[in-house]
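Have a look at the structure below before the remarks.
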Amino acid sequence: MPSPLDKTYDSSVVEKKWSAHWAEHQLFQPRQTENPGSFCIVIPPPNVTGSLHIGHALNNTLQDILVRWKRMQGIQTLWIPGTDHAGIATQNVVERQLKEEGLSREDLGRKAFIDRVWKWRHQSGDTIIGQLKQLGASCDWDRLRFTMDEGLSLAVRKVFVQLYEEGLIYRGERLINWCPRCLTALSDIEVEHEDIKGTLYHIRYALVDAPNTFLTVATTRPETLLGDMAVAVHPEDPRYQQYIGKQLKLPLTTRTIPIVADPILVDREFGTGAVKITPAHDFNDFEAGERHGLKPLTILDFKARMDGSGLRTAMVDQSLLDSLDLKSVQAARPLVIEALQEQDLLIKEEDHPMALGKCYRCKTVVEPYLSPQWFVKTAPLAAPAIEAVETGDIRIIPDGWKNNYLGWMRQIKDWCISRQIWWGHQIPAWYCRSCNKDHLGETETTTGETRESQDTAPSLMSCFISPNAQPIVSETDLTTCPKCGGSDLFQDPDVLDTWFSSSLWPFSTLGWPEQTQDFKTFYPNATLVTGLDILFFWVARMVMMGIKLTGQIPFRDVYIHALVRDAEGQKMSKSKGNVIDPLTKMSQYGTDALRFTMASMASPGRDMKLAEERIEGYRNFVTKIWNAARFIQLYEDGPKTDTPLASRPFPDQWIFSRLNHAIRAVTKALHDYRFDQATSHLYQFIWHEYCDWYIELAKPSLQQDNHPDAATTRQTLLESFEIIQRLLHPVMPFITEEIWQSFPHEGVSIMTQPFPTEREAWTNAQAEQRFSLLQSVVSTTRTGRALLNIPANQALSMFATTTQNDDAASLKHLQPHIESIMRSAMTLAPTTDWPSDRILQLVSGNLTIGIPVEPNLDLQLVVKKVKKQIEAKEKECTRLQERVASPKFREKAELSVIQESEERVTSLRQELTLLTSSEQQIATMLRS
RNA sequence: GGGCGGAUAGCUCAGUUGGCAGAGCACUGCCUUUACACGGCAGAUGUCGCAGGUUCGAUCCCUGUUCCGCCUACCA
């Protein structure tokens, strides 16, 4: 029911009201329409532990704009919401809670711990879902998914088994990135690199045969030399050629190691040209070790501490071994340095910039760690994923990120997917104890739930399952061994990388692997909207998995938006205290204002700096719209008429022409994912054309009794404003619904009304031309008023004329509109007919305006301004004249450009003549 | 080390198939005119990072350069 609008817009009341209304009428559900095709977006699932931050606000606002727009266009539209279990992140949060109770996850055991995480997930897990609803996100909430719900878990298992059977998933012992705090393997991209100032230590290694001859190696990690298995030199390096094959005495130990030649590892120019090889603790060295048949010797344990048994194997001097045992890397380094110095083996230390790898979840320094893990063989999956983007089957928008994607994809490495944590999809692989007698560690028991002391690496059980053990991979839980029929089996304790399940998201959420109706209708998805930060983590892997498993690309467009930073360009973080909380801003300025801000800042390919003033500015815009609605409502009552547009008065024709232009511009911008341009057109049109000019032009016919145009004006106002609401709705869903519902309407909600479409018949060049003439007259006159200090409310008797015949006719037509807007009487007559004294002439193109000058006005200021104007015009005129006179210009420039310049010179000269005569007039007035 | 992006008004940013440099905010002045002071009107503000080149003409194209971001990388 239509109802009068309140004086002020109360966003919180309005938002709650319409959110409930939309939910009640189930308007977010996909609806079959007569239009072919479908439009489906899957949400980038926020971490279930999370709460809405500004990045989510941006990401989901953009998605919602697209979804609401497509829905209004009458396309069957679905936006699937969901959350991610976020393995490591969530586990860390719950472990922190436990710690506050003085407990560890090992105290609880695996099952109880997982129960605890589930409990917590149920308690607070959907906080962010509520917040997304508050943002207005029009997801089909009935289809809410979670990466660990039953259907998705089944999909995960099925995929794992399929890829394993095809040889695309394998288990093997490799050097992987290890977080010694999270106690789990990480994939390469889960390591963040930080530049630090390191030190390069030059250390002497003595030759066994000639104890007074030394090779000097350079290293940034002296403590790892205890695990050295060789020293490499370049085979063509004359300094060292004669030593290749000889043995070195490894400092601080009783071991000897060989000197090997390796052209790959060694850069002759760097350091001393001799490199120590520590296969167990460096990725390059691991590969070099494989080339030379060197066995890795692990001297660091799973917590990145010096490992006593490893050190014994390394034959480290006993006294040093005792002092190093269980020391952290940081603590061990000075001890090793000291020991080297005592033996006069450290000859130089120099500053050396280097990059340190850190865990992306907890920022702990990661260590290369040798352990058996599960991997996805990526090369066969990457090839079609590269092709899809190269051929344009998948579009990446903006285009600039395409190379980023392709570059990464082309040199992709195998993906380590096993994590030694408990929260996640446990790997569907079982081991039979009797078949694998020799391949299972002794310390481990069957269930992985046994309580163990902190130092026996309880969560590392997989490390005790030798790489030679035979896993049985199965979609369903196994209780008997298919080989020996035994029943002593246990499941691999590792869980899968969180991103493994997210890589299935575009189809697992649609019911895949079942061929559901949803899957058939909505796959491939239309668009994926995401931030750049997860291009590799998520987008790349969805493309690989999507193509592999469904045989189709997962989505057609990938729209990548920027990261939100604060006004200074800093990344927002709680520790910096520069976080702008979207929820606070929503309650402060209204959700529509925040949404509009987000969209307006979404220029392609840049980071966006969010200044709070912008939200405030767009809140003002919301208020402006509100007040325009109230104005229209004031005059809503009264007769209307269906007069065709062509027969309506000039302002009506003009505003429809502009409205058509706005519809075209906004639609194109949305189509091009230019949310910034869409909002800018909306802002410009609504505020500076509709409110500033159309409403002002409409006032006389509404406010004067019995005005002949009253009925058509009312009609136009209502019609155009209703269209504007629909045009604005995808960006500002709440206020547009409130306004739309408050006016006479049909239908249950604006969100299921059609999005405005262009009507060529509305475009009216004549009306637009007339308008710009009107605008010139009004603006020029206002400038004159300001110049002459005539207050806006003081009536004026002014003169106008134009040298152009068309304009002269238009001027006559426009006279009543101009007079009412200016609150002035306008005399149309050539300047020669104007009173000769005390008239200020103002020029704008062909147009000349005359304004009477008050007798006692201080004209000095006016003279100054007119002079300034003359100066500027002269400068421009001179420049243009020079250009036009230049023979080269005449010869080479395009004809239209030459003509344009010439015309402009002519009109500038004309203006200058008039301005000069004005100046003289004023001078005369001053003298009199 | 490699790659990408940015540098335009005090601030945040648009922009140009190369031909009068724009918006919002902030600022100055006037105005409480019955939608709106979260408003209206008028105004001021720029060596378009720096240096070369191409061109009749460069903020835009090319080359180099300096800062600032980001991504990426196994030089110990």
Side-chain angles (χ1 to χ4, degrees), chain A residues 5 7-9 189 193 200-201 217-221 232 264-267 269-278 282-288 352 354-355 368 398 400-401 403-404 407-408 411 532-533 535-536 562-563 565 567 569 571 589 593 600-601 603 605-611 613-614 616-635 676-677 680 683-684 687-688 691-692 695-696 699 703 778-779 782-787 789-794 823 865 876 879-880 883 886-894 896-898 900-901 904 908:
Chain A
L5 297 166
K7 183 148 195 326
T8 53
Y9 176 64
I189 50 176
H193 293 275
L200 195 60
Y201 300 89
V217 303
T219 179
T220 53
R221 301 199 59 188
I264 299 172
L265 183 68
V266 180
D267 171 2
E269 309 300 315
F270 188 88
T272 60
V275 191
K276 66 197 220 32
I277 299 182
T278 320
D282 184 281
F283 289 100
N284 289 320
D285 292 8
F286 182 78
E287 286 172 18
H352 180 66
M354 53 186 279
W401 302 121
N403 284 336
N404 236 4
W408 185 79
Q411 47 118 57
L532 180 67
D533 48 336
L535 180 65
F536 304 142
L563 258 52
R565 295 170 186 282
K571 208 164 177 171
Y589 299 111
S600 74
M601 293 193 314
S603 297
R606 322 171 112 262
D607 287 344
M608 50 176 81
K609 294 180 201 167
L610 176 57
E613 295 80 60
R614 292 204 49 178
E616 198 181 334
Y618 292 125
R619 186 273 318 269
N620 296 352
F621 180 47
V622 170
T623 309
K624 185 78 183 178
I625 296 165
W626 185 252
N627 284 309
R630 288 177 54 231
F631 170 82
I632 294 166
Q633 215 170 46
L634 272 181
Y635 298 99
D676 57 328
Q677 291 179 348
S680 150
Y683 187 96
Q684 190 60 31
W687 198 317
H688 296 305
C691 292
D692 285 354
I695 288 185
E696 292 309 315
K699 277 179 181 173
Q703 292 172 346
V778 171
S779 294
R782 280 172 176 165
T783 306
R785 266 186 194 272
L787 211 55
N789 247 331
I790 306 167
N793 54 4
Q794 186 182 320
R823 297 157 189 276
K865 290 203 172 172
E876 200 191 333
R879 209 191 58 204
L880 273 168
R883 182 200 284 178
S886 150
K888 279 190 171 172
F889 175 72
R890 304 204 69 90
E891 190 186 323
K892 306 218 170 170
E894 274 177 48
S896 65
V897 174
I898 298 175
E900 209 179 288
S901 301
R904 201 161 155 66
L908 272 171

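Chain letters run A, B, ... following the sequence lines, proteins first, then strands; residues in each count from 1. On a predicted model such as this, the values are computed, not experimentally measured, just so you know.
Here B/A73 is the nucleotide among B/A73, B/A42, B/A76 with the atom lying nearest to any side-chain atom of A/His193. Taking the side chain of A/Tyr683 as heavy atoms from C-beta on, and the options B/C25, B/G39, B/C36, the nearest nucleotide is B/C25. With B/A35, B/C71, B/C38 as the candidates, the nucleotide lying closest to the side chain of A/Tyr635 is B/A35. Among the nucleotides B/C56, B/C20, B/A73, the one closest to the side chain of A/Glu876 is B/C20. For A/Trp687, taking side-chain heavy atoms from C-beta onward, the closest of the listed nucleotides B/C36, B/U12, B/G39 is B/G39. Closest to the side chain of A/Ala786, out of B/C36, B/C56, B/A42, is B/A42. In the set B/U55, B/A76, B/U12, the nucleotide with an atom closest to the side chain of A/His352 is B/A76. Closest to the A/Glu696 side chain, of the nucleotides B/C36, B/C25, B/U55, is B/C36. Out of B/C41, B/G39, B/C56, the shortest distance to the side chain of A/Lys624 is found at B/G39. When distances are taken from the side chain of A/Val275 to each of B/A76, B/A42, B/C71, the shortest belongs to B/A76.
Nearest-nucleotide positions on RNA chain B for A/Thr8 and A/Gln411 put A/Thr8 closer to the 5' end. In this structure, A/Ala274 and A/Glu894 both approach RNA chain B, and ranking their closest nucleotides by distance from the 5' end singles out A/Glu894.
Pairing analysis of RNA chain B (Watson-Crick: purine N1 to pyrimidine N3 plus N6-O4 or O6-N4; G-U wobble: N1-O2 and O6-N3; both under 3.5 Å) yields stems of 3 or more pairs at B:1-7 with B:66-72, B:10-13 with B:22-25, B:27-31 with B:39-43, B:49-53 with B:61-65.
Distance noted for atom C1' between B/G39 and B/U32: 10 Å (whole Å). With both ends at atom C1', the span from B/A14 to B/G24 equals 10 Å, rounded to whole Å. The separation of B/U33 from B/C38, taken at their P atoms, amounts to 15 Å, rounded to a whole angstrom.
OP1 and OP2 of B/A23 both lie 4.0 Å or more from every side-chain N or O belonging to A/His688. Contact annotation: A/Asn620 side-chain N/O to B/G39 OP1/OP2 distance is under 4.0 Å.
With hydrogens and angles ignored, a donor-acceptor pair under 3.5 angstrom links the side chain of A/Arg619 to the base of B/C38. Side-chain N/O atoms of A/Arg904 and base N/O atoms of B/C20 include a donor-acceptor pair closer than 3.5 Å.
When heavy atoms are screened at a 4.0 angstrom cut-off, A/Asp692 is found touching the sugar-phosphate backbone but no base atom.
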| field | A/Glu891/A/Lys888 under salt bridge (Lys or Arg N to Asp or Glu O under 4.0 Å): CA gap, chis, key distance, verdict | value | CA-CA 5 Å; A/Glu891 190 186 323; A/Lys888 279 190 171 172; over 6 Å; no
